[in-house]
Participant: 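Here it is, the structure in full.
Below, all heavy atoms of this structure are taken into account, side chains as well, without hydrogens, waters or symmetry copies. For the single chain, residues carry numbers from 1 onward in sequence order.
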Amino acid sequence: MPARPPSDYVANLCEMMASLGDVRARRMFGGYGLSIDGLTFALVADETLYFKADDVNRGSFATLGLEPFRPMPDKPTTLSYYPPPDSALDDREELLPWARSGFEAALRAAAKKAAKAGRK
C-alpha cells in the first residue's frame with residue numbers, strides 16, 4: 001500500500017522551506033517529522049509547526065513567549081521543539097531564519113551524538 005502524501009499544510013511548509021535543501025515529510029506519531037539530509041529539524045502536530053531548539057537558539061523562541069511542544073497536552077512533558085511566530089507561517093522570508101535555526105540545532109545534535117559515539 002503506497003504511503004499517503006502529506007497534508008496540504010505540510011506540503012506547503014516543505015515548499016516554503018525548499019531553499020534550505022530537500023525537505024522531506026515523514027509520518028510519525030499522528031503528525032510529521034520534517035528533515036533535510038536525514039536530520040529531523042521540525043515537527044508538525046495538529047497542523048502546528050515546531051522547530052528543533054537547543055541551548056543556542058532556544059532563547060529566540062522563549063523571548064517571544066513561544067511555548068515548547070507538548071506531545072500530551074494533559075502532561076507536563078515537553079520536547080525541545082518550538083513554534084515560530086504566527087506571522088512567519090505566511091511569509092517565506094520570515095520563516096526561513098527560524099527553519100535554518102532548527103536545522104542548525106539538528107546539525108549540532110548530530111555532531112554531538114557522533115562525537116559521543118567516537119569516544120566509546
Participant: Could I get the full list of side chain to side chain contact (heavy atoms under 4.5 Å, CB included) partners for Ala45, not counting sequence neighbours?
Facilitator: Tyr50, Phe69

Participant: Which atom names give the shortest non-hydrogen contact between Cys14 and Ala25, and what distance separates them?
Facilitator: SG-CB, 4.1 Å

Participant: Mind checking side chain to side chain contact (heavy atoms under 4.5 Å, CB included) for Pro85 and listing every partner two or more places apart, or none if nothing turns up?
Facilitator: Leu64, Leu66, Ser87, Ala88, Glu94, Trp98

Participant: What pairs with Ala99 under side chain to side chain contact (heavy atoms under 4.5 Å, CB included), at least two apart in sequence or on another chain?
Facilitator: Met17, Leu20, Phe41, Phe51

Participant: Within this structure, what is the CG-CZ distance for the pair Leu107 and Arg100, rounded to the nearest 0.5 Å?
Facilitator: 12.0 Å

Participant: If you measure from CG on Asp86 to CG on Asp91, what distance do you get to the nearest 0.5 Å?
Facilitator: 13.0 Å

Participant: List, by chain and number, the other hydrophobic cluster members for Val56, where Ile, Leu, Val, Met, Phe, Trp and Tyr join if side-chain heavy atoms come within less than 4.5 Å, directly or indirectly.
Facilitator: none

Participant: How long is the gap from NZ on Lys52 to OG on Ser35, to the nearest 0.5 Å?
Facilitator: 12.5 Å

Participant: Have a look at Leu13 and tell me which of Asp8, Leu89, Val23 forms a side chain to side chain contact (heavy atoms under 4.5 Å, CB included) with it.
Facilitator: Leu89

Participant: At their closest point, which heavy atom of Tyr82 faces which heavy atom of Ala53, and how far apart are they?
Facilitator: CD1-CB, 3.5 Å

Participant: Which salt bridge (charged side-chain N to carboxylate O under 4.0 Å, His left out) pairs, counting each pair once, include a residue from residues 55-73, with sequence neighbours left out?
Facilitator: Asp55-Arg58

Participant: Taking all atoms of both residues into account, what is the closest heavy-atom pair of Val10 and Tyr32, and its distance?
Facilitator: CG2-CD1, 3.3 Å

Participant: The criterion is side chain to side chain donor-acceptor pair (under 3.5 Å); which residues satisfy it with Ser101, sequence neighbours excluded?
Facilitator: Asn57

Participant: When you group the ILVMFWY residues by side-chain heavy-atom contacts below 4.5 Å and let the links chain together, are Phe29 and Leu34 in the same group?
Facilitator: no

Participant: Within the supplied structure, the quantity of interest is the number of heavy atoms (other residues, nucleotides, ligands) at a distance under 6.0 Å from Asp37 CG; does it exceed 12?
Facilitator: no

Participant: Is Phe61 reachable from Val44 through a run of hydrophobic residues whose side-chain heavy atoms are each under 4.5 Å from the next?
Facilitator: yes

Participant: Checking Asp54 now: which residues fulfil side chain to side chain donor-acceptor pair (under 3.5 Å) with it, not counting sequence neighbours?
Facilitator: Arg108

Participant: Give every residue pair that meets the salt bridge (charged side-chain N to carboxylate O under 4.0 Å, His left out) criterion with at least one member in residues 13-23, sequence neighbours excluded.
Facilitator: Asp22-Arg24

Participant: Indicate if Leu96 and Tyr81 have the same hydrophobic cluster label, given that clusters are the connected sets of ILVMFWY residues with side-chain heavy-atom separations under 4.5 angstrom.
Facilitator: no

